[in-house]
2 protein chains.
Amino acid sequence: MEIENKFGYIATLLGDKARAIMLWSLLDGKAYTATELSICANISRQSTSNHLAKLLEAQLLIVEKQGRHRYYRLANARVAQVIESMASLIPDAQIKSIITKPKSQSITYARTCYDHLAGELGVKITDALVKQKIIEPIYNKYIVSALGVKWFSNLDINIDELKLKKRSFAHKCLDWTERRHHLAGSLGTALLEYMICNDWIRKKKNSRAVLVTSLGTKELNDRLKLF
Amino acid sequence: MEIENKFGYIATLLGDKARAIMLWSLLDGKAYTATELSICANISRQSTSNHLAKLLEAQLLIVEKQGRHRYYRLANARVAQVIESMASLIPDAQIKSIITKPKSQSITYARTCYDHLAGELGVKITDALVKQKIIEPIYNKYIVSALGVKWFSNLDINIDELKLKKRSFAHKCLDWTERRHHLAGSLGTALLEYMICNDWIRKKKNSRAVLVTSLGTKELNDRLKLF
DNA sequence: TTCATAGTTCATTGTATAATGAACTAAGTA
DNA sequence: TACTTAGTTCATTATACAATGAACTATGAA
């Protein structure tokens, strides 16, 4: 098979309406049962099963059996990033009509993108990290400066340890609301984890939206001159 | 329309086999005619036209009319980025297969286009002029920066004089081999004349091809960091 | 002029594949 | 044990939309 056909295979797979909705729902990184996903996409369980089988075969999803339930989740962070970046192609006019909706304000301001922080806040923090010379953008990645190693160690994040992990360390992820890059990879995950554990931000229930606590505002301002 | 439906709209658009092949072909950043794209995708011209209209409407492509041809290209770098990132999801990728380019013969490498320089060299020079901030692309034209005025005056080219002429000063011309823009207009003519007069390049007899002299190579490298 | 080529539009046909119903396995429950 | 729920498989149906032919505009060339 030629490369463009392989690309077409992936594109077709993502292109079905029902599958697109399911994948979008899975963007929070959580695992959902087949029945839950069928409700999301508003199709029969049989049909859902068929779609899920295809997504599994393409290694876009992974499945975990637990009793009589099967929990489906995105195979890895890369899948999530591709889906989010595809959303950045939604025509400007349509994006505007979405982000001005009151209920989507929080999701566009700050949300999780699978395992790291996205939205306006995600981009702002990344910008600040670059401005403070903590990280530096190189091609599609970021490198951490000597100063940055120190900065992250204050958050109990050990750069050397993270680099040892198999997964990507610190790469760029395209944000669909901001149309700009933000920090992803194991470093992005570590930062998100720290912020949640230390109550800088809180996840909203049943949503990818997060909100910044007053402590978080203070810390981000002190450490990154963010606000 | 909800966000997941809009995502589905984009995904569906990219998901058609024929469209996927066309988009993949356009990844090189060059512009192609509708007929050429129909050959790439191996479908009829009518069908191609239909697909292109959809991609245009979604602002994934832009079109430029030139005579009876319509040149289609990706709307911006983001589109290319997303397509490439989607290709990264191809399972057990054998993406290492290199995309072969048609080898450039002298007629495609450098040739005159009516009264200015075209071909790969023409495009390269134009790119370098932009990169060095000597000229700046604005819509279908180029403007010359203050730095640029100085740069051209070193070649005895007086920008103010050229602007007084009735004909177009510096517009974009689409190259058929490179499918990318290069400098045309009175400024393009003046530059070509200078290069010939000063033996940077020589016209081949009975041909539009030109060859670059060793002096030309040196000068273009010194002044534009071209090679 | 007239002809050829590039490209589009529109109505019709064709087809790939999604959705569905019925029948099934497998796990949990009363 | 029988019964319910989760999920799948398979054969059939339905449908969205891609492909096509015919007719059209527009540019360029003889």
Side-chain angles (χ1 to χ4, degrees), chain A residues 1 4-26 30-58 60-73, chain B residues 1 4-26 30-58 60-73 113-114 173-174 176 179:
Chain A
M1 214 206 303
E4 59 265 32
N5 289 329
K6 289 183 183 172
F7 165 71
Y9 163 67
I10 293 293
T12 305
L13 219 46
L14 303 179
D16 176 75
K17 202 152 237 169
R19 283 194 292 264
I21 293 173
M22 290 193 256
L23 288 166
W24 192 261
S25 307
L26 288 163
K30 292 179 188 166
Y32 291 88
T33 65
T35 301
E36 285 170 334
L37 290 170
S38 77
I39 293 166
C40 288
N42 196 32
I43 53 171
S44 68
R45 292 205 315 284
Q46 307 94 289
S47 196
T48 306
S49 189
N50 181 35
H51 288 306
L52 291 173
K54 286 178 185 174
L55 293 171
L56 271 182
E57 199 198 347
L60 297 181
L61 299 184
I62 48 177
V63 67
E64 213 169 322
K65 220 174 157 180
Q66 207 163 95
R68 58 180 168 178
H69 296 280
R70 295 198 191 179
Y71 284 94
Y72 290 87
R73 63 172 69 231
Chain B
M1 212 206 305
E4 56 266 35
N5 289 329
K6 292 187 179 171
F7 165 71
Y9 162 68
I10 293 293
T12 305
L13 218 47
L14 302 179
D16 176 74
K17 202 150 238 171
R19 282 195 292 265
I21 293 174
M22 289 193 256
L23 287 166
W24 190 260
S25 307
L26 288 163
K30 295 177 186 174
Y32 291 88
T33 65
T35 301
E36 285 169 335
L37 289 170
S38 77
I39 293 166
C40 287
N42 196 31
I43 52 172
S44 68
R45 291 203 316 284
Q46 306 94 290
S47 196
T48 305
S49 189
N50 181 35
H51 288 307
L52 291 173
K54 287 177 183 174
L55 293 171
L56 271 182
E57 200 198 347
L60 297 181
L61 299 185
I62 48 177
V63 67
E64 210 170 326
K65 219 175 155 181
Q66 205 165 92
R68 57 182 165 177
H69 297 280
R70 295 198 191 179
Y71 284 93
Y72 291 87
R73 63 171 67 230
C113 170
Y114 184 56
C173 179
L174 195 57
W176 62 269
R179 305 308 170 80

Peer 1: Could you check whether the side chain of B:Arg70 and the base of C:dG7 have a donor-acceptor pair of N or O atoms closer than 3.5 Å, going by distance alone?
Peer 2: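 Flag unset: no donor-acceptor pair detected.
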Peer 1: Any side-chain N or O of A:Ser44 below 4.0 angstrom from OP1/OP2 of C:dT20?
Peer 2: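 True: A:Ser44 side-chain N/O within range (under 4.0 Å) of C:dT20 OP1/OP2.
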Peer 1: Find the distance A:Glu64:CD to D:dG7:P and express it as a whole number of Å.
Peer 2: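 Distance check: A:Glu64 CD to D:dG7 P gives 14 Å.
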Peer 1: OP1 or OP2 of D:dT27 sitting under 4.0 Å from any side-chain N/O of B:Lys65?
Peer 2: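 B:Lys65 to D:dT27 OP1/OP2: side-chain N or O found under 4.0 Å.
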Peer 1: Distance check needed: D:dA14 C1' versus A:Ile43 CD1, whole Å only.
Peer 2: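 Nearest whole value for this atom pair: 15 Å.
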Peer 1: Within the 4.5 Å heavy-atom criterion, are A:Tyr71 and A:Thr33 side-chain neighbours or not?
Peer 2: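 Side-chain contact under 4.5 Å: yes.
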Peer 1: At under 4.0 Å, does any side-chain N or O of A:Thr35 touch on OP1 or OP2 of D:dG7?
Peer 2: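 So the side chain of A:Thr35 is within the cut-off, an N or O lying under 4.0 Å from OP1 or OP2 of D:dG7.
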Peer 1: With sugar-phosphate meaning primed atoms plus P, OP1 and OP2, does A:Ser47 contact a base, only sugar-phosphate, or nothing at under 4.0 Å between heavy atoms?
Peer 2: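 Answer is base: heavy atoms of A:Ser47 come under 4.0 Å of a base.
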Peer 1: Considering just the side-chain nitrogens and oxygens of A:Arg68, establish if one lies under 4.0 Å of OP1 or OP2 belonging to C:dT25.
Peer 2: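 Checking A:Arg68 against C:dT25: no side-chain N or O falls below 4.0 Å of OP1 or OP2.
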Peer 1: Is there a donor-acceptor contact under 3.5 Å from the side chain of B:Ser49 to the main chain of B:Gln46?
Peer 2: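 Looks like no, no N/O pair under 3.5 Å.
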Peer 1: Can you tell me whether the side chain of B:Gln46 and the base of D:dG21 have a donor-acceptor pair closer than 3.5 Å?
Peer 2: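 Side chain to base: pair found, below 3.5 Å.
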Peer 1: Round to a whole Å and report the spacing from CD1 of A:Ile21 to P of C:dA18.
Peer 2: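 Interatomic distance, CD1 of A:Ile21 to P of C:dA18: 14 Å.
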Peer 1: Give a yes/no answer on whether the side chain of A:Tyr32 brings an N or O atom under 4.0 Å of OP1 or OP2 in D:dG7.
Peer 2: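 The answer is no; no side-chain N or O of A:Tyr32 sits under 4.0 Å from OP1 or OP2.
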Peer 1: Using atom CG of B:Asn50 as one end and atom C1' of D:dA22 as the other, report the distance to the nearest whole Å.
Peer 2: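 So the CG-C1' distance, B:Asn50 to D:dA22, works out to 16 Å.
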Peer 1: Can you tell me how far P of D:dT5 sits from CD1 of A:Ile39, to the nearest Å?
Peer 2: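 For the pair A:Ile39 CD1 and D:dT5 P, the rounded distance is 14 Å.
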Peer 1: Hey, which of A:Val63, A:Leu60, A:Asp16, A:Ile62 is the one that makes side-chain contact (heavy atoms from CB on, under 4.5 Å) with A:Leu55?
Peer 2: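 Between A:Leu55 and the candidates, side-chain contact (heavy atoms from CB on, under 4.5 Å) is satisfied uniquely by A:Leu60.
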Peer 1: NA contact type, A:Tyr71, heavy-atom cut-off 4.0 Å: base, sugar-phosphate, or nothing?
Peer 2: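 Contact class for A:Tyr71: none.
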Peer 1: Under 4.5 Å between any side-chain heavy atoms of B:Met22 and B:Ile43, yes or no?
Peer 2: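 SC-SC contact between B:Met22 and B:Ile43 confirmed.
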Peer 1: Given D:dA19, is OP1 or OP2 found less than 4.0 Å from the side-chain N or O atoms of B:His51?
Peer 2: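 Answer is yes, contact under 4.0 Å.
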Peer 1: In this structure, how many angstroms lie between the P atom of D:dC10 and the NZ atom of A:Lys54, rounded?
Peer 2: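 In whole Å, D:dC10 P and A:Lys54 NZ are 14 Å from each other.
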Peer 1: Hey, does B:Leu23 have a side-chain heavy atom less than 4.5 Å from the side chain of B:Leu61?
Peer 2: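 SC-SC contact between B:Leu61 and B:Leu23 confirmed.
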Peer 1: Could you state the OH-C1' distance from A:Tyr9 to C:dT17, rounded to the nearest angstrom?
Peer 2: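 That distance rounds to 15 Å.
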Peer 1: Mind calculating the distance between CZ (B:Arg45) and C1' (C:dT5) to the nearest angstrom?
Peer 2: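 Rounded to whole Å, this separation is 8 Å.
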Peer 1: With nearest nucleotide decided by heavy atoms, which residue, A:Ala34 or B:Thr48, maps closer to the 5′ end of DNA chain D?
Peer 2: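 Final value for this comparison: A:Ala34.
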